[in-house]
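Beneath this line is the structure, given in structure tokens, with notes to follow.
All heavy atoms count here, side chains included; hydrogens, waters and symmetry mates do not. Residue numbers begin at 1 in each chain, while the letters A, B, ... track the order of the sequences.
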Number of protein chains: 2
Amino acid sequence: MSDPTGRVFDALADPNRRFVVEALAERETATATELAAELPVTRQAVAKHLAALNEAGLVESRREGRETLYELTPGPLAAAMDWMASVGAEWDSRLARLRTHLDSSRKRRS
Amino acid sequence: MSDPTGRVFDALADPNRRFVVEALAERETATATELAAELPVTRQAVAKHLAALNEAGLVESRREGRETLYELTPGPLAAAMDWMASVGAEWDSRLARLRTHLDSSRKRRS
DNA sequence: CCAATCCGCAACCCAAAGGTTGCGTATACT
DNA sequence: AGTATACGCAACCTTTGGGTTGCGGATTGG
């Protein structure tokens, strides 16, 4: 799965990971232990989630002394939003085409 | 998991399901067998995916004679996009607050 | 220097997810 | 009526994913 959009959706599919993303959107940085304190799971679980988010390009890590700071990099969110927007747009334009087609046939009939 | 946004992300996490969504965005309706013809999986697998998409509110099914037609209902996409937008907005405003703070301290220093 | 943190790595567990096959049933075609 | 098509349901298999525990290695503080 090298598709970047797919990795983003996969990353956001987990509720704990979404919580982490929300938390990182408010604080500027956080460590795995800090985040684990607000979640019903262990530090290692959070670390795995952060690794997954990093894999998706949503988070970057930097080591500061004995602790590792994680920071949000919301760039890939835009790509995922683009995908949804394009699906919605295709759907809309299909509806529009259908509507004009119905209009023209109605006009022809009247 | 009653959170609607979570269900949408979970639904879009699977590549086959995303393909189905894309396909349904172009055609207006499709059956499970039609979609399975363009995918490397069986009809039943596609049926399960369509059930998952329906669970997420992204698809609706209607029975027409001996075949079941599936149609896209992209409403929930908006909610998911809202979530991403709000995360991005929080991130942006945090950056803005940080920037003004730096500006003011620089002003004080000068 | 020693103790307390903070982390990463590895092994392991278990439930869930994606997929398949098999079968029964309803609808259409001839 | 009989055959072919399209579906749903259920059992089953296998992999993945989220989670935990148990270490051992760095880094900070007394």
Side-chain angles (χ1 to χ4, degrees), chain A residues 1-24 27-72, chain B residues 1-24 27-72:
Chain A
M1 188 194 304
S2 68
D3 167 32
T5 300
R7 285 193 310 216
V8 171
F9 284 130
D10 201 59
L12 297 179
D14 184 86
N16 285 336
R17 281 197 288 262
R18 282 197 305 277
F19 179 87
V20 166
V21 168
E22 290 174 358
L24 285 179
R27 307 159 172 67
E28 43 265 67
T29 67
T31 70
T33 20
E34 285 172 8
L35 293 168
E38 316 178 37
L39 277 171
V41 295
T42 61
R43 169 184 64 89
Q44 287 87 339
V46 176
K48 283 191 186 180
H49 287 312
L50 286 167
L53 289 170
N54 176 43
E55 188 80 14
L58 288 169
V59 143
E60 284 197 349
S61 69
R62 126 183 69 109
R63 185 126 199 190
E64 197 114 333
R66 80 174 150 184
E67 56 190 7
T68 339
L69 301 180
Y70 290 88
E71 188 175 1
L72 194 65
Chain B
M1 190 196 303
S2 68
D3 167 32
T5 299
R7 286 193 310 216
V8 171
F9 284 129
D10 200 60
L12 297 180
D14 184 87
N16 285 335
R17 281 198 288 263
R18 281 197 306 277
F19 178 87
V20 166
V21 168
E22 290 174 358
L24 286 179
R27 311 160 171 64
E28 42 265 68
T29 68
T31 70
T33 22
E34 284 172 7
L35 293 167
E38 316 179 39
L39 277 172
V41 296
T42 61
R43 169 185 64 92
Q44 285 87 339
V46 177
K48 282 191 187 179
H49 287 312
L50 285 166
L53 290 170
N54 176 43
E55 188 80 15
L58 288 170
V59 143
E60 285 197 349
S61 70
R62 125 184 69 109
R63 186 125 199 190
E64 196 115 334
R66 79 173 150 184
E67 55 189 5
T68 339
L69 301 179
Y70 290 88
E71 189 175 0
L72 194 66

From CG of B:L53 across to P of C:dG18 the rounded distance in Å is 10 Å

Short side-chain to backbone donor-acceptor contact, B:R17 and B:A11, under 3.5 Å | yes

Side chain of A:R43: nearest nucleotide among C:dA28, C:dT20, C:dG8?
-> C:dG8

On DNA chain D, which is the earliest and which the latest nucleotide, 5' to 3', with an atom closer than 4.0 Å to a heavy atom of chain B?
-> D:dA4 to D:dC9

Between the base of C:dG18 and the side chain of B:Q44, is there any donor-acceptor pair under 3.5 Å?
-> no

Crowded around A:E60 CD? As in, over 12 foreign heavy atoms under 6.0 Å?
-> no

Hey, which of these two, A:E67 or A:K48, hits DNA chain C nearer its 5' end, going by closest nucleotide?
-> A:E67

Nearest whole angstrom, please: distance from the P of C:dC9 to the CG of A:L50.
-> 14 Å

B:R18 side chain to B:L12 main-chain N or O, any donor-acceptor pair under 3.5 Å?
-> yes

Does atom CD of B:E55 have more than 12 heavy-atom neighbours from other groups under 6.0 Å away?
-> no

Electrostatic pair A:R62-A:E71, nearest N-O below 4.0 angstrom | yes

In terms of the nearest nucleotide of DNA chain D, which residue is placed more toward the 5' end: A:G65 or A:H49?
-> A:H49

Answer whether the closest heavy-atom distance between the side chains of A:E64 and A:T29 falls below 4.5 Å.
-> no

